[in-house]
Colleague: 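Let me begin by handing over the structure; questions about it come next.
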Amino acid sequence: MNISDIRALTPIVQEYAYFQTSGFSPTLEPVIDEVERWARYQNRAPALPEVYTQMINLFEAARGKVANALGADADEIVLGENATIGINIVANGIDWQPGDNLILSTHEHPGNRIPWYNFVQRYGVQLRFVNVVHDEEQMLHEFEQLIDARTRLVSISHVSRRTGQRLPVKALTEIAHQREVPVLLDGAQSFGAIPVDVHALGCDFYAFSGHKYMMASQGTGGFYVRRDRIEWLKPSWIGSHSQKEMDLDGHMTLLDEAKRFEFGTRNLADQIGFGKALDIWAEIGWANVFAAIAAYTDRLKAALLTVPNLIVETPLPYEQSSGIVTFNIPGIGAAALSARLLDRDHILTSTLEANSDSLRISTHVFNNDEEIARLVAALLRIQESGY
Ligand SMILES: Cc1ncc(COP(=O)(O)O)c(C=O)c1O
């Protein structure tokens, strides 16, 4: 398998210039085949010991593959339905007291805001936002001013979903840890797009999705819990399969591993498909994937900069960037622009918050140079003729 094969495994590219990986990527065809294969196998007799055991073994193998891709150990990985599950488990795993505070960034996705906003209402937790700016030193300085003795957690994106900017998360984590504050990184936009090594980053928690850069099914993802944080995190979402043992007097011991936070009957076939996606990327080679995404976004930025009046909001140096390039054209609203690109040019992009003029182009290794040329030609035409 080579990087150039990915386009052929992504049929949607015949119809659209698909610049929406950061929302939902198409699922790789072999992943769909794998999910179907194991769903059919399971349906032979789901409760038959050999079928059940085989499904669990493959599910556990997927956990190992996720751990490998993240630089984690398998016992630190929770497989769940999406990235937000991990954020909620951490959020509900802390004994919040009125007056405690939490630090987010100004670029967080609703998935890393709404769980906390809920806690503002329930527990009187105060939210503090560090401004995302291109100048990392300034961000770090502002962060140091925000963090104090009542800060219980930092929950921040590894890569901004608005502009694709890589936030200086290693340095932020070091500052937080000097004050004994744990750090949750929202990796929805980084896992599969840029190199991630959670042990090297030093973070305490890392939430990720399978349906974006991994090109696995919707309903896959999960989170990493650093081994020493497994016991620290109060178990609020647990159930059957979380336990090692239990009795009728209310005593129980939970599993030592992070999978104590998984419970009930799971969708094993989709997670096995997630494992298949990881096999494909590993066969291509992560270094090749990351290099291709980097080269493509560099070409995209250079092409966009030739469009008059267009402002690229994403930092230009790739070290501060990822698979996303966001821009605006003053005077042309992003919603209208996105609709025109879709209707006339079959270019699928994403707007951000309501009233924002910013348009997000998120790219993957299946995008090609014809799509960049089509986008630029469409932008020039829209500027000239209005549609
Ligand atoms: C930065 C970020 N965090 C969280 C999410 C939510 O991810 P999920 O749907 O996997 O919970 C998204 C989805 O776009 C995202 O971009």
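Remember, it's 1-based here, ligands and their atoms both numbered in the order they're listed.
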Colleague: For H158 and Y206, take the angle between the two ring planes, folded into 0 to 90°, and tell me which bin it lands in: parallel under 30, tilted 30 to 60, perpendicular over 60.
Modeller: perpendicular
Colleague: With a 4.0 Å cut-off on N to O distance, would you call E231 and R260 a salt bridge?
Modeller: yes
Colleague: Ion pair present between D270 and K276, side-chain N to carboxylate O less than 4.0 angstrom?
Modeller: no
Colleague: Would you check the N or O atoms of A83, main chain and side chain alike, for any that come under 3.5 Å of an N or O of ligand 1?
Modeller: yes
Colleague: Working to the nearest 0.5 angstrom, can you tell me the gap between R179 CZ and E174 CD?
Modeller: 12.0 Å
Colleague: Would a distance-only check, ignoring hydrogens and angles, find a side-chain to backbone donor-acceptor pair under 3.5 Å from R113 to E108?
Modeller: yes
Colleague: Of all the non-hydrogen atoms in the protein, which one sits nearest to atom 5 (C) of ligand 1, and at what distance?
Modeller: H109 ND1, 3.4 Å
Colleague: Ligand 1 versus S22, non-hydrogen atoms closer than 4.0 Å: side chain, backbone, both, neither?
Modeller: backbone
Colleague: A188 heavy atoms, cut-off 4.0 Å: which ligand 1 atoms fall inside?
Modeller: 1 (C), 2 (C), 3 (N), 4 (C), 5 (C), 12 (C), 15 (C)
Colleague: Suppose we measure from atom 11 (O) of ligand 1 to each protein heavy atom; which comes out shortest, and what is that distance?
Modeller: T84 OG1, 2.4 Å
Colleague: Contact between ligand 1 and K212 is defined here as a heavy atom of the residue under 4.0 Å from a ligand atom; is it met?
Modeller: yes
Colleague: Where's the contact between D186 and ligand 1, heavy-atom distance under 4.0 Å: side chain, backbone, both or neither?
Modeller: side chain
Colleague: Report the relative orientation of the aromatic rings in W96 and F119; use parallel for angles under 30°, tilted for 30 to 60°, perpendicular for over 60°.
Modeller: perpendicular
Colleague: How close does the nearest protein non-hydrogen atom get to atom 7 (O) of ligand 1, and which residue and atom is it?
Modeller: S209 OG, 3.7 Å
Colleague: Which residue owns the protein heavy atom closest to atom 9 (O) of ligand 1, what's the atom, and how far is it?
Modeller: H211 CE1, 3.7 Å
Colleague: First locate atom CG of D256, then atom CZ of R227, and finally report the distance between them rounded to the nearest 0.5 Å.
Modeller: 10.5 Å
Colleague: Tell me whether E60 is salt-bridged to K259, with the criterion being a basic N under 4.0 Å from an acidic carboxylate O.
Modeller: yes
Colleague: Record the part of E108 in heavy-atom contact with ligand 1 below 4.0 Å; permitted values are side chain, backbone, both and neither.
Modeller: neither
Colleague: To which protein heavy atom is atom 16 (O) of ligand 1 closest, and what is the distance rounded to 0.1 Å?
Modeller: Q189 NE2, 2.7 Å
